[in-house]
2 protein chains.
Amino acid sequence: MPIRSSQFYEARAKIARALAHPSRLLLMDALRDREMCVCDLTELVGSDQSTVSKHLAVLKEAGLVSVRKERSMSFYASRCQCLDGFFGCLDTVLKQHIEDQRAVLVG
Amino acid sequence: MPIRSSQFYEARAKIARALAHPSRLLLMDALRDREMCVCDLTELVGSDQSTVSKHLAVLKEAGLVSVRKERSMSFYASRCQCLDGFFGCLDTVLKQHIEDQRAVLVG
DNA sequence: TCCGTTTATGGCAAAATAGCCATAGAGCAA
DNA sequence: TTGCTCTATGGCTATTTTGCCATAAACGGA
């Protein structure tokens, strides 16, 4: 008696996987309120250009970013404003979790 | 000029990784409004008991669930009510994404 | 005590992910 | 054309993740 179909959870897992890398979270953060080209994003992330392109492809495939091509450049932009609210909600939970852990350590 | 520190994104990536599996999303859904023992969760997920235990350990390590031991059983409960809001927000984005893809296919 | 139940963990093999290099294609300028 | 810039992708290796089996520990009942 799964609560929902396996496709339901698979679709959401795909989104979560797309966000499950610090470089991709940095990309989502940078693209939150402006579009940027791959060249600038590459400098921002500090990895190889091909690596950044592949990270962007993962975000694109998940539907989290859009691309616009102009001249020889690709401009990426965020399609989703959900992350701040989500991680803000999680911050509250995490802070409590850390405090609980500290309490355990302190005894 | 990263927007935030690498630890910032690493911490969030850890949470996203914990959610990046359909079985773990099913577990979070099942535990949303009630606690359950590992035995019942194992039956729900349909994987080996050791597999479910390890999924639960991942969620616990991320601070997303709590455990309470009673008799010989472990009862897990969600520590976070952020998922519904987040995925609800994403649903809107995804529906639009799917529609865009269809529009491209149709031409 | 002995046994059955419940849970966690080590170990292993298969699968997925990550990151780099090399490279190809597109666009633009000289 | 030639060359430079920008981007995407194939290929490869290293790392991580996944899922099962086997097993151990904890607990309770007979």
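Naming convention: chains lettered A, B, ... in sequence-line order (proteins, then strands); numbering from 1 in each chain. Scope of the values below: all heavy atoms of this structure, side chains included, with no hydrogens, waters or symmetry mates. Keep in mind that this is a model prediction, so the values were computed, not measured.
Rounded to whole angstrom, the span from the CG atom of L41(A) across to the C1' atom of dT5(D) amounts to 16 Å. Distance CG (L19(A)) to P (dA18(C)): 12 Å, rounded to an integer number of Å. Remark: P of dA26(D) and CD of E70(B) are 19 Å apart, rounded to the nearest angstrom. For the pair D40(B) CG and dT6(C) P, the computed distance is 9 Å after rounding to whole Å. For M73(B) and dG28(D), the CE to P distance is 10 Å, given to the nearest whole Å. dG19(C) atom C1' lies 14 Å from atom CG of L56(A), rounded to whole Å. Taking atom CZ of R68(A) as the reference point, atom P of dT7(D) lies 12 Å away to the nearest angstrom. dT7(C) atom C1' lies 12 Å from atom CG of D48(B), rounded to whole Å.
Here Q49(A) contributes atom CD and E43(A) contributes atom CD; the two are 13.0 Å apart, rounded to the nearest 0.5 Å.
For the pair Y9(A) and L25(B), the tightest heavy-atom approach, listed with the atom from each and the gap, is O-CD1, 3.5 Å. What you find for L27(B) and L56(B) is that their closest heavy atoms are CD1-CD2, 4.0 Å. Smallest separation of non-hydrogen atoms from A62(B) and K14(B): CA-CE, 4.4 Å.
In this model, C82(A) has its SG atom within less than 2.5 Å of the SG atom of C89(B).
Counting atom types as modelled, S50(B) pairs a side-chain N or O with a base atom of dC21(D) as donor and acceptor under 3.5 Å.
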Step by step, would you call L83(B) with L64(B) a side chain to side chain contact (heavy atoms under 4.5 Å, CB included)?
CA-CA 10 Å; L83(B) 295 188; L64(B) 294 171; 6.0 Å; no

Between Y76(B) and L59(B), does the side chain to side chain contact (heavy atoms under 4.5 Å, CB included) criterion hold? Intermediate values first, please.
CA-CA 10 Å; Y76(B) 283 81; L59(B) 294 173; over 6 Å; no

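The residue K69(B) sits close only to the backbone: its heavy atoms come under 4.0 Å of sugar-phosphate atoms, none of a base. Using a 4.0 Å heavy-atom distance criterion, S53(B) is classed as a base contact. Y76(A) comes within contact range of the sugar-phosphate backbone alone, with a heavy-atom separation under 4.0 Å but no base atom that close. Across all strands, T51(B) comes closer than 4.0 Å to base atoms (heavy-atom distances).
By the 30° and 60° cut-offs, the orientation of the rings of F86(B) relative to F86(A) is parallel.
Using a 4.0 Å cut-off between charged side-chain N and carboxylate O, E61(B) and K54(B) make no salt bridge.
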Report all interatomic pairs (protein N or O, nucleotide N or O of nucleotides 15-17 of chain C) with separations under 3.5 Å.
| residue | atom | partner | partner atom | Å |
| --- | --- | --- | --- | --- |
| dT17(C) | OP1 | R17(A) | NE | 3.4 |

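Counting only distance, with no hydrogens or angles, the side chain of R24(A) and the backbone of R17(A) share a donor-acceptor pair below 3.5 Å.
Of the two residues contacting DNA chain C, namely Q49(B) and K54(B), the nearest-nucleotide position lying further toward the 5' end is that of Q49(B).
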Footprint string (nucleotides 25-30 of chain C, 5' to 3'): B base within contact, S backbone only, - free, heavy atoms under 4.0 Å:
--SS--

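For the pair S74(A) and dT7(D), the criterion of a side-chain N or O lying under 4.0 Å from OP1 or OP2 is not met.
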